[in-house]
Amino acid sequence: MNPFFIADDHPWENLGDGIKRKIVGYTDELMAVHLNFDKGAIGYVHAHEIHDQIGYVIRGSFEAEVDGKKQVLKAGDAYIARKHLMHGAVALEHDSVLLDMFSPAREDFLK
């Protein structure tokens with residue numbers, strides 16, 4: 001894998017429902033992923049069995065939910081969801097972007 005991520009060299013992968021992603025990079029133990037949301041797009045509440053996750057807001061704003069608690073987050077803010085905690089987010093603005101970080105890497109994203 002190239003040790004550098006040049007955003008313009010990587011096309012967005014359309015996930016549907018107003019969300020698209022780019023995998024920034026990964027090792028066995030760590031993964032970073034850009035997620036771009038249309039206004040109102042929903043990252044539905046879910047939990048991971050083996051992955052801890054941090055979602056850092058790069059642009060726009062989100063209503064994030066972690067373990068039943070909701071918080072509006074703007075650029076520079078983040079949420080932390082340890083494995084087994086229910087979490088999700090709704091974009092409050094068009095072109096809102098999260099940098100999601102996972103430990104360990106999400107192998108399912110690489111298939």
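Side chains are part of it too, since the values below use all heavy atoms of this structure and drop only hydrogens, waters and symmetry mates. All of these numbers come straight from a predicted model, not from anything done at the bench.
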(request) Grab the two heavy atoms, one from I50 and one from P104, that are nearest each other, plus how far apart they are. (result) O-CD, 3.2 Å
(request) Please name the pair of heavy atoms, one in V45 and one in M86, separated by the smallest distance, quoted to 0.1 Å. (result) CG1-CE, 3.6 Å
(message) What I'd like to find out is whether the side chain of L98 reaches to under 4.5 Å of the side chain of I58, using heavy atoms alone.
(response) no
(message) Is there a path of hydrophobic side-chain contacts, each under 4.5 Å between heavy atoms of I/L/V/M/F/W/Y residues, joining Y56 to V24?
(response) yes
(message) Which residue is it: H51, H87, H84? I am looking for the one with a ring pair (Phe, Tyr, Trp, His ring centres under 6.0 Å) to H46.
(response) H87
(request) Evaluate whether atom CG of D28 has more than 12 neighbouring non-hydrogen atoms of other residues, nucleotides or ligands under 6.0 angstrom away. (result) no
(request) Carefully, step by step, assess Q53 and Y79 under the rule side-chain hydrogen bond (donor to acceptor under 3.5 Å, both in side chains). (result) CA-CA 8 Å; Q53 179 178 347; Y79 67 86; 3.0 Å; yes
(message) Please tell me whether I19 and M31 are part of a single hydrophobic cluster in this structure, the criterion being side-chain heavy atoms less than 4.5 Å apart.
(response) yes
(request) Would you kindly confirm whether L73 and F37 end up in one hydrophobic cluster when ILVMFWY residues are joined by side chain heavy atoms under 4.5 Å apart? (result) yes
(request) Determine, using the 4.5 Å side-chain heavy-atom cutoff (strictly less than), whether L15 and L110 are members of one ILVMFWY cluster. (result) yes
(request) Identify the two heavy atoms, one from R82 and one from D52, that lie closest to each other, and give their separation to 0.1 Å. (result) CA-OD1, 3.3 Å
(request) Look only at the side chain of S103 and the backbone of E29, and say whether a donor-acceptor pair between them is shorter than 3.5 Å. (result) yes
(message) Apply side chain to side chain contact (heavy atoms under 4.5 Å, CB included) to residues V33 and L99 and explain how you reach the verdict.
(response) CA-CA 6 Å; V33 179; L99 176 64; 5.9 Å; no
(request) Determine the minimum heavy-atom distance between A91 and S96, stating which atoms define it. (result) CB-CB, 4.1 Å
(request) Begin with the C-alpha distance, continue with both residues' side-chain angles, and end with the deciding distance and a verdict on side-chain hydrogen bond (donor to acceptor under 3.5 Å, both in side chains) for S61 and E93. (result) CA-CA 6 Å; S61 60; E93 300 175 48; 2.8 Å; yes
(request) Step through the shown structure and confirm whether more than 12 heavy atoms of other residues, nucleotides or ligands are within 6.0 Å of CG on D77. (result) yes
(request) List the atom of K22, the atom of P11, and the distance in Å for their closest heavy-atom pair. (result) CG-O, 3.7 Å
(request) Examine F109 together with F102 and report whether their ring centres are nearer than 6.0 Å. (result) yes
(message) Measuring from atom CD1 of I23 to atom CZ of R106, what distance do you get when rounded to the nearest 0.5 angstrom?
(response) 10.0 Å
(message) Could you tell me if the side chain of I80 sits less than 4.5 Å from the side chain of V66, heavy atoms only?
(response) no
(message) To check you understand the geometry: which heavy-atom pair defines the closest contact between N14 and K20, and what is its length?
(response) CA-CB, 4.1 Å
(message) What I'd like to find out is whether the side chain of N36 reaches to under 4.5 Å of the side chain of D95, using heavy atoms alone.
(response) yes
(message) For residues V97 and F5: do they belong to one hydrophobic cluster (side chain heavy atoms under 4.5 Å, members Ile, Leu, Val, Met, Phe, Trp, Tyr)?
(response) yes
(request) Run the salt-bridge test on E13 and R21 with the 4.0 Å N-O cut-off and return the result as yes or no. (result) yes
